Amino acid sequence: MSVLIYIDHSDGQVKKSSMEALSYGVKIAEQIGAVAEGVLLGDVSTDLPSLGNFGIKKVYHIQNSLLQIFDAQSYTKVIAQVAQQTSAKIIIFSNNSAGKSLAPKVAVRMNAGYVSGAIALPETSNGFNVRKNVFSGKAFANVEVKTEIKVIALNVNAFSVSEGTGNAEVVSLNIDVEAPKVKVIGTNKTKGTVSLTEAETVVSAGRGLKGPENWKIIEDLASTLGAALACSRPVADAHWRPHNEHVGQTGIAIAPNLYIAIGISGAIQHLAGVNRSKVIVVINKDPEAPFFKAADYGIVGDAFEVVPKLTQAVKKV
Ligand code: FAD
């Protein structure tokens, strides 16, 4: 029996969220006495045997010029074929943007039960029960997966990466690859070095910053911390910041280790996208701002005074 983990990559590197999925899949394999294997589509600069450091025994590497650009439909068909050929019983994805798109499609093809947003190892002593986030992270649900084949999408930042030493065997399989039905004619990369959904630290600001011209102090803090930038919805709606920084119910949902919210009131729709953050720090001049109720640490003060001092203090560490 095998546990097959989909290995997502960008810019030639395996994503951190996939390392989490690999660590998670390996632990499940240990739990149920199965072998953990990975599947990677397209080209990467990562040394593939070194993925054995995460505990997988094999990497199925599917190379084909048609797989150079991510396409959910053709990728789904390839992953399902690999799962069939390797008799995988559990297929793991990260619940990142690729995983959200692929996991349900693969589950349909494999006639598998599907759990999205898993946050812990399954309980396998009596059935196969997975804990997942529901209602935008406001509650948990324990669900039992009853199908023979199971597809699980693990929430980003929900499971620690565990690395050891090992060498994975790199295996190529005979797989039919279909030409994508949609042709990508160009891509524009957004600015910023840290991906918002993968970031361990996120510095986010809201309408309290008064205008786009004041974002320099936010950018300085973010670059000092190596953090990704985010913002509240009105800030993106007013075009102070790009929409790909908008977090919340209608924006991107994130779960970094540290979320610093500056000049953001803490409306329920904002919290819906950030309340899975492990530690929340709020900086707001209004001591009654609702965000303080959700904060682990709060600073009541003017962002224009507090943030530069915080950046200086971090630089000294
Ligand atoms: P404000 O509510 O105006 O708050 C600004 C805060 O800055 C205040 O708390 C103020 O005390 C503080 N402040 C002011 N000056 C300073 C200063 N100098 N120093 C420090 N603090 C200062 N919002 C989202 O963010 N994401 C979503 O996905 C989202 N989805 C929505 C979906 C729906 C259907 C609806 C109806 C709303 C949604 N909203 C969303 C909007 C949400 O309800 C709030 O209006 C929004 O989050 C408020 O943004 P804000 O906190 O930046 O602004």
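Owing to the predicted nature of the structure, the values given are computational and were not obtained by experimental measurement. Residues take their numbers from the sequence shown, with the count starting at 1. Order of listing sets the numbers, starting from 1, for every ligand and every atom in it. For the numbers below, each heavy atom of this structure counts, side chains included, while hydrogens, waters and symmetry mates do not.
Other residues, nucleotides and ligands contribute more than 12 heavy atoms inside 6.0 Å of the NZ atom of K138.
Looking from atom 15 (N) of ligand 1 to the surrounding protein, the closest heavy atom is K210 NZ, 2.8 Å. In this structure, atom 2 (O) of ligand 1 lies nearest to the protein heavy atom S265 OG, 3.0 Å. Atom 13 (N) of ligand 1 has as its closest protein heavy atom G208 CA, 3.6 Å. Ranking protein heavy atoms by distance to atom 44 (C) of ligand 1, first place goes to A267 CB, 3.6 Å.
A cation-pi arrangement, defined by a distance under 6.0 Å to the six-membered ring centre and an angle within 45 degrees of its axis, is present between K150 and F128.
Residue-ligand proximity: P234 is placed with a non-hydrogen atom under 4.0 Å from ligand 1. Heavy atoms of V235 stay at 4.0 angstrom or farther from ligand 1. At a 4.0 Å cut-off, not a single heavy atom of L209 sits close enough to ligand 1 to count as contact. For G301, the heavy-atom gap to ligand 1 drops under 4.0 angstrom.
With hydrogens and angles left out, the side-chain atoms of S125 and E123 include a donor and acceptor closer than 3.5 Å.
Taking the six-membered ring for Trp and thresholds of 30 and 60 degrees, W240 and W215 have ring planes more than 60 degrees apart, a perpendicular arrangement.
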